[in-house]
Enquirer: 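Just dropping this structure here.
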Amino acid sequence: MGTTLFSINKPIFKIPFFLFLCFIGIVSSQLSTDFYSTTCSNALSTIKTAVDSAVSNEARMGASLLRLHFHDCFVQGCDGSVLLNDTSSFTGEQTAFPNVNSLRGFGVIDNIKSQLESLCPGVVSCADILAVAARDSVVALGGQSWTVQLGRRDSTTASFNSANSDLPGPTFSLQQLVDAFSKKDFTTEEMVALSGGHTIGQAACSSFRTRIYNDTNIDSSFATSLQANCPSVGGDRNLAPLDTSPTTFDNAYFQDLQSQKGLLHSDQELFNGGSTDSQVNGYVSNPSSFQTDFANAMVKMSNLGPLTGSSGEIRTNCWKTN
């Protein structure tokens, strides 16, 4: 009689029982829509109320919270690593070039976490707070909603180097954008949709100075108007809106690209005689298609490399490990 993999009397090899359960599919650590339904039933409503209040007080905060989630997910997955302060054992992500002096919203996340720790201590992760807050921010500014899968856990480390290497930059070419998103398994179409997140918020002079002084694919009057608040030297942190309606989640970003009024070099690359021009045109003529594509791409992004099961931890404070 032939030998079987798991012999009742004399197994060929021994494995921990938990791993055996995983092997046969009994144990599953997946994200789910009802993850907190019994352990913290007011989690989603608590996050929404806090986000609505923050965005009502300052509309720009909606864009800041969306960006915080994006910059979290693109660096070692959606694990809340972007929130960690530097420690003696690692340098965090907040001082990496794409993040330094530009990430915002930490106070809003800390406020939400504090409320949730009072309601249900040690249950809701900072990574999940970021994912839900991003969705609620878009909705608060007029965008389409999407269903956020829940159950992410928080990392115990962060990566300064990965933040520098993995996050797309404001001077990227179209090919560099395609490559950066492809590394995270996004299609070019999804990259263009996610870039539409720049329909809300503002950017600092240092991120668009080269464009308004050197680029040729820019409306001249638009460039001149920006130069007034972004001199060739100095004023690095002076702000300009990313599109003509920076507090409304709409398709104005793509309309601006058609007029060569993209604020960042990387923005205008999406409409510059290349392969993505037709998608930009499509989002201008059919605004709802952009909203749907963006929502779908956000679902995909929020599922990048989450820690689940017994991996990571549920931080008590989002800015430090337990």
Enquirer: If you measure only the distance, is there a donor-acceptor pair under 3.5 Å linking the side chains of Y36 and D128?
Expert: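 Yes, because at least one side-chain N or O of Y36 sits under 3.5 Å from a partner of the opposite role on D128.
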
Enquirer: Sequence neighbours excluded and cut-off under 3.5 Å, please list the side-chain donor-acceptor pairs for residues 53-62, or say none.
Expert:
residue: N57; atom: ND2; partner: S53; partner atom: O; Å: 3.2
residue: E58; atom: OE1; partner: R104; partner atom: NH2; Å: 3.1
residue: E58; atom: OE2; partner: R104; partner atom: NH2; Å: 2.8

Enquirer: State, without any angle test, whether S159 and S162 hold a side-chain donor-acceptor pair at a distance under 3.5 Å.
Expert: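 Side chains of S159 and S162: pair found under 3.5 Å.
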
Enquirer: Take E313 and R153, measure what salt bridge (Lys or Arg N to Asp or Glu O under 4.0 Å) needs, and give me the verdict at the end.
Expert: CA-CA 6 Å; E313 64 182 16; R153 289 169 64 84; over 6 Å; no

Enquirer: Which class fits the ring pair F186 and F181: parallel under 30°, tilted 30 to 60°, perpendicular over 60°?
Expert: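 Perpendicular: the ring planes of F186 and F181 meet at over 60°.
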
Enquirer: Please round to the nearest 0.5 Å and tell me the distance separating atom CG of L119 and atom SG of C40.
Expert: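 One finds 5.5 Å between CG of L119 and SG of C40.
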
Enquirer: Just jot down the ring pair (Phe, Tyr, Trp, His ring centres under 6.0 Å) partners of F249, sequence neighbours excluded, or say none.
Expert: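 Per chain and number, F249 pairs via ring pair (Phe, Tyr, Trp, His ring centres under 6.0 Å) with F290, F294.
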
Enquirer: Between S102 and R237, do the side chains contain a donor N or O and an acceptor N or O under 3.5 Å apart?
Expert: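 No, no side-chain donor-acceptor pair sits under 3.5 Å.
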
Enquirer: Are S155 and R315 close enough that a side-chain donor and a side-chain acceptor fall under 3.5 Å?
Expert: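 Distance-only check passes for S155 and R315.
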
Enquirer: If the condition is side chain to side chain donor-acceptor pair (under 3.5 Å), which residues does D79 pass it with, not counting sequence neighbours?
Expert: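 For D79, the residues satisfying side chain to side chain donor-acceptor pair (under 3.5 Å) (neighbours in sequence not counted) are Q76, S81.
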
Enquirer: Filter on disulfide bond (SG atoms under 2.5 Å apart), then keep only pairs touching residues 234-306, sequence neighbours left out; what's left?
Expert: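 Every candidate disulfide bond (SG atoms under 2.5 Å apart) pair involving residues 234-306 fails, so no pair, neighbours aside, qualifies.
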
Enquirer: In terms of hydrophobic clusters joined by side-chain contacts under 4.5 Å, are M301 and I129 together?
Expert: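 They do share one cluster, since a chain of ILVMFWY contacts under 4.5 Å joins M301 to I129.
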
Enquirer: Mind checking side chain to side chain donor-acceptor pair (under 3.5 Å) for K183 and listing every partner two or more places apart, or none if nothing turns up?
Expert: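 By the side chain to side chain donor-acceptor pair (under 3.5 Å) rule, K183 matches no residue at all.
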
Enquirer: May I ask you to check whether T87 and N85 show a side-chain donor-acceptor distance below 3.5 Å?
Expert: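 Their side chains do not contain a donor-acceptor pair, so the 3.5 Å distance test is not met.
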
Enquirer: Anything under 3.5 Å between a donor and an acceptor, one on a side chain of residues 277-284, the other on a protein residue two or more places apart or in another chain? List them.
Expert:
residue: D277; atom: OD1; partner: N272; partner atom: N; Å: 3.0
residue: D277; atom: OD1; partner: G273; partner atom: N; Å: 3.4
residue: D277; atom: OD1; partner: G274; partner atom: N; Å: 3.4
residue: D277; atom: OD2; partner: G273; partner atom: N; Å: 2.8
residue: Q279; atom: NE2; partner: E189; partner atom: O; Å: 2.9
residue: Q279; atom: NE2; partner: Y283; partner atom: OH; Å: 2.9
residue: N281; atom: OD1; partner: Q258; partner atom: NE2; Å: 2.8
residue: N281; atom: ND2; partner: D277; partner atom: O; Å: 3.4
residue: Y283; atom: OH; partner: D293; partner atom: OD2; Å: 2.7

Enquirer: Under 4.5 Å between side-chain heavy atoms, chaining through other members, with only Ile, Leu, Val, Met, Phe, Trp and Tyr counted: pull out the rest of the cluster around L84, sorted by chain and number.
Expert: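 Taking Ile, Leu, Val, Met, Phe, Trp and Tyr as members, L84 shares its hydrophobic cluster with F90.
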
Enquirer: Is the closest side-chain heavy-atom distance between L263 and H198 below 4.5 Å?
Expert: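 L263 does not reach H198 side chain to side chain.
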
Enquirer: Will you find, in the side chains of R211 and N217, an N or O donor that is under 3.5 Å from an N or O acceptor?
Expert: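 Yes, side-chain donor-acceptor contact under 3.5 Å.
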
Enquirer: I'd like to know if the side chain of D267 reaches the main chain of L264, judged simply by a donor and an acceptor atom lying under 3.5 Å from each other, with no hydrogens or angles considered.
Expert: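 Yes: the side chain of D267 pairs with the backbone of L264.
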
Enquirer: Using the test side chain to side chain donor-acceptor pair (under 3.5 Å), find all partners of Q149 that sit at least two apart in sequence or belong to another chain.
Expert: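 Here no residue qualifies.
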
Enquirer: Could you tell me which residues satisfy side chain to side chain donor-acceptor pair (under 3.5 Å) with T156, sequence neighbours excluded, listed by chain and number?
Expert: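 Counting only residues at least two positions away or on another chain, T156 forms no side chain to side chain donor-acceptor pair (under 3.5 Å).
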
Enquirer: Classify the side-chain pair T91/D86 by whether it contains a donor and acceptor separated by less than 3.5 Å.
Expert: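 No - no donor-acceptor pair under 3.5 Å links their side chains.
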
Enquirer: Sort and list the pairs that fulfil disulfide bond (SG atoms under 2.5 Å apart) and have at least one residue in residues 289-322, not counting sequence neighbours.
Expert: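 Sorted result for residues 289-322: C126-C318.
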
Enquirer: Could you list the residues that satisfy side-chain contact (heavy atoms from CB on, under 4.5 Å) with P241, not counting sequence neighbours?
Expert: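 In terms of side-chain contact (heavy atoms from CB on, under 4.5 Å), with neighbours along the sequence ignored, P241 is linked to P246.
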
Enquirer: Indicate whether any N or O donor in one side chain lies under 3.5 Å from an N or O acceptor in the other, for H71 and N99.
Expert: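 The criterion, which ignores hydrogens and geometry beyond distance, is satisfied for N99 and H71.
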
Enquirer: Sorted by first residue and then second, give each salt bridge (Lys or Arg N to Asp or Glu O under 4.0 Å) pair with at least one member in residues 279-292; sequence neighbours left out.
Expert: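 Every pair satisfying salt bridge (Lys or Arg N to Asp or Glu O under 4.0 Å) with a residue in residues 279-292: there are none.
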
